[in-house]
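Input: a single structure, listed below in structure tokens.
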Amino acid sequence: MTAIRIPVFPQCLVAAAAWAIAASLPAAAAITSPLTGNYTVSTSESIGALTIGNNTPATPATLTLASGGTLTVTGANPAFLVGTPGNPYAAVNQTGGTLTLTSTSVILGYNSASSTYTGQSTYNLASGSIGLTSYTIVGYHAPADFIQTGGSIVTTRDDTALNVALFNAGNYAISGGSFEATGTPYIGSPSLQVSTHDAAGTLTVGGGASTAAVALKGWMAMANNADNDTDKGSATVNLLPNGTLAVNTNIYRGRPDYVVSNGTGTVTFNLGGGTLRPYNANLAVGNANNGHGANAVFDLNLLSATTSTLTGIGWKDSVARTLSIYSKLTGGGGLAIGGGTAE
């Protein structure tokens, strides 16, 4: 019998070998919730809801969003929680990439009112972007820090966009990059609140080598005793070199839409070399003539050895506006008056 030889081409062997290798490799890991260990997003991933946290202070659960990575969270609020009851130690390190929240908020230090107020949640934004249609809370019944040294955050919510310290200590420090609230809050709802209820909140803008900006289409409230109880929180705002705080309409102590018979908490507002200006409309600072009376008033403290700038030029549109200062100026620092009308 004559043997029949079937030629085997080298490329067929290569293809078969490649298929065999691919079939033997494990499937690429995907992010899952809850995240109690460490995970890095470096490609495009999506998840409905994500909670991050564990109960080991020395090694908190950590999510890293790296350059080239895209994470989309699609669930309804609250679907992105950094630090949770029972697992309050968590961190997010964003060194690039994009975080997109289609319907939910960023909540750092999430805890229930009946739980022990412990833990520490931190978000470090060095580069990249965050886009959301809801709000960001830094310190919700548990302490939290948001440290931004670069990158950008844009929220389009037509309501409060940033809450620093809601029921517990919260710290938002931006020394590079920007936070912008582009939504139009309805009457009585500020774009930014620093210290709500009995919390201690700190907002620091600037202080680094890069420019930093917090820019709000709406107004700003501090030391807001929202539920009219006897607990009064404290708000500290530091506006430092290379930092810009741009706000529309008003900056108040408390909230004029609430009848607060017990008064409001304390406000320390330090001008230490930064710039205070409107966003794209006139701005009044510490105005008592708004139905809220003396509760709305706070001092502007000019830190020694610094020169701060007041300007009426809008941050968003560069149009000349009016910046009206009703607050008492204290301290030994200098003051420069820019364009527009500053009075």
Side-chain angles (χ1 to χ4, degrees), residues 25-54 56 59-111 119-140 142 144-157 160-164 170-174 176-183 214:
L25 292 175
I31 192 168
T32 59
S33 182
L35 176 61
T36 58
N38 298 329
Y39 187 85
T40 298
V41 176
S42 56
T43 59
S44 179
E45 299 201 39
S46 178
I47 192 170
L50 179 61
T51 61
I52 305 167
N54 61 30
T56 54
T59 55
T62 302
L63 171 68
T64 300
L65 182 54
S67 177
T70 299
L71 177 61
T72 303
V73 181
T74 60
N77 200 33
F80 188 76
L81 303 177
V82 184
T84 61
N87 291 295
Y89 297 96
V92 177
N93 297 322
Q94 185 172 352
T95 58
T98 301
L99 172 63
T100 301
L101 307 173
T102 59
S103 301
T104 189
S105 310
V106 175
I107 301 180
L108 308 182
Y110 182 81
N111 212 343
Q120 177 61 50
S121 300
T122 305
Y123 199 118
N124 297 300
L125 175 59
S127 184
S129 63
I130 301 174
L132 66 162
T133 60
S134 194
Y135 50 82
T136 298
I137 297 178
V138 183
Y140 184 70
D145 293 306
F146 198 115
I147 309 298
Q148 184 176 353
T149 56
S152 64
I153 305 172
V154 176
T155 174
T156 59
R157 189 182 192 224
T160 300
L162 176 60
N163 225 319
V164 180
N171 170 52
Y172 185 100
I174 173 172
S178 62
F179 179 100
E180 184 178 8
T182 63
V214 172

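Along the sequence shown, residues are numbered consecutively beginning with 1.
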TODO: Go through the side-chain N and O atoms of Ser105 and Ser134 and say whether any donor and acceptor fall under 3.5 Å apart.
DONE: yes
Open item on the list: Rounded to the nearest 0.5 Å, what separates atom CG in Leu63 from atom CG in Leu35?
Closed with: 6.0 Å
Task: Which atom of Ser67 lies closest to which atom of Thr95, heavy atoms considered - done: N-OG1, 4.2 Å
- [ ] Check whether any side-chain heavy atom of Leu125 lies under 4.5 Å from a side-chain heavy atom of Gln94, and answer yes or no.
- [x] yes
Task: Distance-only side-chain donor-acceptor flag, Asn77 / Tyr135, under 3.5 Å - done: yes
Open item on the list: When you compare the side chains of Asp145 and Gln120, does any donor N or O come within less than 3.5 Å of an acceptor on the partner?
Closed with: yes
Task: Considering all heavy atoms, the nearest Ser103-Gly75 contact - done: CB-O, 3.5 Å
TODO: Please examine the side chains of Thr98 and Ser129, heavy atoms only from C-beta on, and report whether any two atoms are closer than 4.5 Å.
DONE: yes
Open item on the list: Quick check against the 3.5 Å criterion: does Thr149 have a side-chain atom that pairs as donor or acceptor with the backbone of Ile147?
Closed with: no
Task: Straight-line distance of Thr156 OG1 to Leu132 CG, nearest 0.5 Å - done: 7.0 Å
Task: Rounded distance [0.5 Å steps], CG in Asn171 versus CZ in Phe146 - done: 11.5 Å
TODO: Could you tell me whether the side chain of Thr155 reaches within less than 4.5 Å of the side chain of Phe179, counting heavy atoms only?
DONE: yes
TODO: Locate the shortest heavy-atom distance separating Ala144 from Gly109; write the atom from each residue and the value.
DONE: CB-N, 4.1 Å
Task: Atom pair CG (Asn87) and CG (Leu81), whose distance is rounded to the nearest 0.5 Å - done: 11.5 Å
Open item on the list: Out of the candidates Thr104, Val82, Ile31, only one should pair with Leu50 under the side chain to side chain contact (heavy atoms under 4.5 Å, CB included) rule; please name it.
Closed with: Ile31
Task: Check: Leu65 and Leu99 side chains under 4.5 Å, non-hydrogen atoms - done: yes
Open item on the list: So Thr72 and Thr102, do their side chains get closer than 4.5 Å, heavy atoms only?
Closed with: yes
Task: Atom pair OG1/OH of Thr136 and Tyr172 - distance to nearest 0.5 Å - done: 7.5 Å
Open item on the list: Under the side chain to side chain contact (heavy atoms under 4.5 Å, CB included) test against Ile52, which residue among Leu108, Val92, Thr36 passes?
Closed with: Val92
Open item on the list: Once rounded to the nearest 0.5 Å, what's the spacing between atom OH of Tyr140 and atom OG of Ser121?
Closed with: 14.0 Å
Open item on the list: Closer than 3.5 angstrom, by distance alone: can the side chain of Thr64 be matched with the main-chain N or O of Thr40 as a donor-acceptor pair?
Closed with: no
Task: Worked verdict on Ser33 versus Thr51 for side chain to side chain contact (heavy atoms under 4.5 Å, CB included) - done: CA-CA 6 Å; Ser33 182; Thr51 61; 3.4 Å; yes
Open item on the list: Tell me if a side-chain donor or acceptor on Ser178 pairs with a main-chain N or O of Ser152 at a distance below 3.5 Å.
Closed with: no
TODO: Give a yes or no on whether the backbone of Ile153 and the side-chain of Glu180 come within a donor-acceptor separation of less than 3.5 Å.
DONE: no
